[in-house]
Structure formats: C-alpha cells, structure tokens
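Let me begin by presenting the structure, written as structure tokens, before commenting on it.
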Protein chains: 2
Amino acid sequence: MSTVQRSPLTRKLSAFVSLSETELATLEHLHQRSRIFVAGRDLVQQGQSKQAAYILAAGWVCSYKIQRDGSRQIVDVQIPGDFLGLRSILLRTADHSFEPITDIQAVEVLAADLLDAFAQTPRLAMAVLWAASRDEAMVVEHLVGIGRRDAGARMAHFLLELGYRLALVGMGTKAGYACPLTQHHLADALGLSAVHVNRVLRQLREGGLVTFREGHVTFNNYDRLITLAEFDPGYLDQTGPLLK
Amino acid sequence: MSTVQRSPLTRKLSAFVSLSETELATLEHLHQRSRIFVAGRDLVQQGQSKQAAYILAAGWVCSYKIQRDGSRQIVDVQIPGDFLGLRSILLRTADHSFEPITDIQAVEVLAADLLDAFAQTPRLAMAVLWAASRDEAMVVEHLVGIGRRDAGARMAHFLLELGYRLALVGMGTKAGYACPLTQHHLADALGLSAVHVNRVLRQLREGGLVTFREGHVTFNNYDRLITLAEFDPGYLDQTGPLLK
DNA sequence: CGGTGTTTTGACCACGATCAATTCTCGTGG
DNA sequence: CCACGAGAATTGATCGTGGTCAAAACACCG
C-alpha cells in the first residue's frame, strides 16, 4: 500500500537533509543486494559480529535482547524505511538480535561501503547521524515509558507511537492500522507479562479507547488515548531539513 | 585526579577514530567557551530549543524527563568526557532536561560550529556518530534493565556500569569510586521509589556485595556482583579505532 | 483431526509503592 | 556554641499493580 518514490533509505534521509544528485547516486549505489527473510528466523545473533546493516523495505522486525533467565526485552520495532543494525556496524559487535515478525524484504548495506560513502559525501554522514538521533529519541521515550508509566499508559503510548510512525510511511491513519504483533510481542516490548497485556488490552477496549484484535489496531477514541498516554509526537517529527 | 592530555572531547573521539593534525586543530577550535554551572540548577529546560551542546569537563550531570504527574525518569548520567545535548542540536528540540549533580565545568559547542566542522572534516562526523552510538547502546542497556531486571540486579548493574565508565577516565577502580548521587537520584534512574532504593542498598550491603555510603561506592565482592547483575561491559568498550 | 501457538479468564501471590515516623547530617543564623 | 531547619537516609506497616500458575477456548496448519 505504501508509496515508494525511490528507495526507502533515500526517502528517509531526504526528510533530514536535502541531498544533491551526486549524493543521491552514491546512496542508490549503496544498496544493490536485496534480501528476503522469513518470519521467526533471526537475522543476526546477539553477540555475533557481522559487517552489514539493513534498510527494511517491507515487513516488520523487532530488535531485542535476551537475558540469561530467558526473559526478553524488545528494544524497538522497525517498520518499512527503518534502519536495522546500524549500531552493529559502528560498534563492530551486534549487541542485540533481530526477529522478523513477518516475512520481510531488506536491503543489505555493507559496512565498508557505508564508510566509504561517508568519506565521499560528508552530508550523508550528517543525515545518518540525524536519523540515528531520532532512533535514539524513540528508545529514550520507550525507557521513560517503562520506568515511569503504568501498564495502561504504557500500552496506549506504544500503540500511538507505532500508529504515528506508520502514518509517516503511509501505512496507517488516525483510525488505525494493520499490526502483525502478537500479545506476547507487546509484553516483551513493554516489560509486562503476556497475561497482563491481555487484561490491559481488554480494559482499553472496554473503555472505548482502542481495539487490538486479529492483527488490526483500531483507535476508538484517539484524543482520549493521547491524554491517557500523555503522547507528544515531537520527538518523532521529521519536519524540514536542517541543512539545505 | 584524572589525566587530561588535550581536552576531554579530543580524548574521547580519539578513542574511536585516530584524527590527523588538521582534524585535531578543527576540534580544538570548537570549544573556546568554557562555562561553569552550579549543582541543582538545570542547564536546559525540557522543550526549549537551544543551539548548543556541551562537553562535560568536570563534575556530574544527569539527563532526565519529567512526566505530567511529577515523576521523573533519569535517562543517563554523564561523567567527565561525555556529551551533553548532542541530540538537542540535531533534532533542534531539547527533548529532555539536564541537572548538574555537582558543580560542573562544561565546554560549549555551538550547533553551527559543529555542523561546519562536520562539513570540513567528514571523519569528525564519523567519530561523533560513533560516540553517539555508544551512548545509545548505554540507553538500550538501561532500557533492558528497567524492563526485565528486578530491583537488586538493576541496582547492581547500574553501579557496575558507572564504575566501569569512571575507570575509563581514571576516576574509579574495581575497588570503588566517589559518587555524588543521592538515593533519590538512583530511584529516578532505576524506575524505583527512593524508599525501595534504600532497602535494596541495604540488602546488597548486608550481602557483602557493594556499599553505597557517604558519597562513595565500594565494591565488596566485584565478581559476585557481576554475576548478580549479568554485567557484560562489551557495549562500553572503546577499543581501538575502526578507521586508521 | 491431533498439534502447536495465541488468546482469554480466574485464583493467588509478591515485589515494590505509598504513607508515616525517626534519625542523621550539615549549613545557617541567633 | 547551640538552636533551628532542610534534605537525606533509614525503618516499619500496609496496600496494590502486575506476575505466576493453571486451565480452557480458539485458531491455523499439516
């Protein structure tokens, strides 16, 4: 359903920095190899070091960390257009794992190529730094949610943020969006148990706020949900480029 | 007590990318203005947009977000050599606030100067991107801790990480370190109540693991503490430059 | 149709929050 | 030098959010 003008990466970075023809060419050169991964089978193992990152072209992925005791924390969810494993390249160690939630299509970007591109077109590095900052802002917001919001507000905030991000790539509206996450995914993302996630979803549904059912999120009362979650999308804005 | 060869910023970035004389000069040019802030008075207000970042030269700072209901979540703690508000520059909106925990000395870096420097010396942008990635890795680890570790392990992990980072800048050892944080700071950082922080600290102390008292952290049993926290400092390593 | 995974609901429990009171420390002024 | 007040640390008592355990209903698939 989404409209892809050039490539997801180009579209994403153009939102931050308007790039010249040369820069666009360099960018397009980066992603030759497009790959398919099936749902459920991890892309990169935690701890393993692989010299490639990906740009998600289609499908959903989550990045997570596993504890010794088996519990899992999902750090964030990637939707089409998002980076995958950028940090792994830079720190040269994959500090977490990636699970494709659906079958996905991703464009492979080799570490060496990316670093070369940075050297040739500095503004590209700038754009990537910018994109990385936005990703970090999302993780920070997630941290605040888990640390200081109760289960209801946490869930509301998560569903709202996801909806907002999906709307930015044409995959959602204020009415709702298709969502392939299971309740177990939600639990691992929000630091809750799967059982409690179910209860919270019921409360929100019965309260007429939002419905999560059969792979679809429906906002029944967008405004009241925003109030409950204290959702402020400021940190997600990718309004106008800083550099011309 | 710490040994500063050139400037904190130079030392930090050199750990990632070995910089040429020209690049070092550009870097030094960045920080002319050194400023002092007193403990307790915030540097930048949340939501406000200020076109400057800082490199912390001396003292401790924490960055946090306040909720409508007054509760606070500390996102991370900065020690000498760390960036302050880098994201604020890039996203052009301070999405959180900074509280100096002690009196601090910080070097002001203007947004415009930084962006110019990036354009002139691309490798510098690379180095900053790298440093930002390490910061993000810390936030991620923090997120996992709050989401999936109980209060004891969370505290242990926090104190260990802080010790490890302080050791990197010569301000701590495996025996312990000076720590100006109050128990209330710990509570806001770990997503706990101040009362419970006190209880957890008592347990750790009576268990012979670590002592937090009178502004000093003493590791009584470093190995057992690491086991409890499942602490793996891999994400903190700033070993050898990726680029020569 | 059995098998596996997701959702749903109930009963009970525990970790950590909240409320409250006391002690300690330290800086400030009488 | 001591009295006072503000913050910080400490401890006890009680409460509630959310976890754990268990079982059933419901899917989807081979």
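Note on naming: letters A, B, ... go to the chains in the order of the sequence lines (proteins, then strands), and numbering restarts at 1 for each one.
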How bent is the helix from C:dC1-D:dG30 to C:dG30-D:dC1, measuring the angle between the end axes built from five pairs each, rounded to 10°?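 Helix axis angle between the two ends: 30°.
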Separation of atom CG in A:L181 from atom C1' in C:dT7, rounded to whole Å: 15 Å
Taking only the side-chain nitrogens and oxygens of [X], find out if one of them lies under 4.0 Å from OP1 or OP2 of [N].
{"X": "A:N198", "N": "C:dT8", "answer": "yes"}
{"X": "A:Q183", "N": "C:dG5", "answer": "no"}
{"X": "B:R213", "N": "C:dT25", "answer": "no"}

Give me the ring orientation class for B:F231 and B:Y164: parallel if the planes are under 30° apart, tilted from 30 to 60°, perpendicular past 60°. perpendicular
Please determine whether salt bridge (Lys or Arg N to Asp or Glu O under 4.0 Å) holds for the pair B:R148 and B:E230, giving the CA-CA distance in whole Å, both sets of side-chain angles, and the decisive distance to 0.1 Å. CA-CA 12 Å; B:R148 290 297 183 205; B:E230 294 188 12; over 6 Å; no
Reference residue B:W60; test side-chain contact (heavy atoms from CB on, under 4.5 Å); the match among B:I104, B:D82, B:D103, B:I101: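 For B:W60, the side-chain contact (heavy atoms from CB on, under 4.5 Å) check succeeds only for B:I101.
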Check: A:H142 side chain, A:V75 main-chain N or O, donor-acceptor pair, under 3.5 Å: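 It does hold such a pair.
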Counting only N and O atoms by type, is there a donor-acceptor contact under 3.5 Å from the side chain of B:R134 to the main-chain atoms of B:L236?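 Judged by distance alone, yes, a pair lies under 3.5 Å.
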Do nucleotides 12-30 of chain D as a string where each nucleotide becomes B, S or -: B if the base has a protein heavy atom under 4.0 Å, S if just the sugar-phosphate does, - if no protein is that close. BB----BBBB---------
Distance (rounded to the nearest 0.5 Å) between B:H96 NE2 and B:R87 CZ: 4.5 Å
Roughly how far, to the nearest 0.5 Å, is the CG atom of B:N198 from the CD atom of B:Q203?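 B:Q203 CD to B:N198 CG: 10.5 Å, rounded to 0.5 Å.
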Determine, using ring centers only, whether B:F212 and B:F158 are less than 6.0 Å apart.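 Between B:F212 and B:F158, which both carry aromatic rings, the centre distance is not below 6.0 Å.
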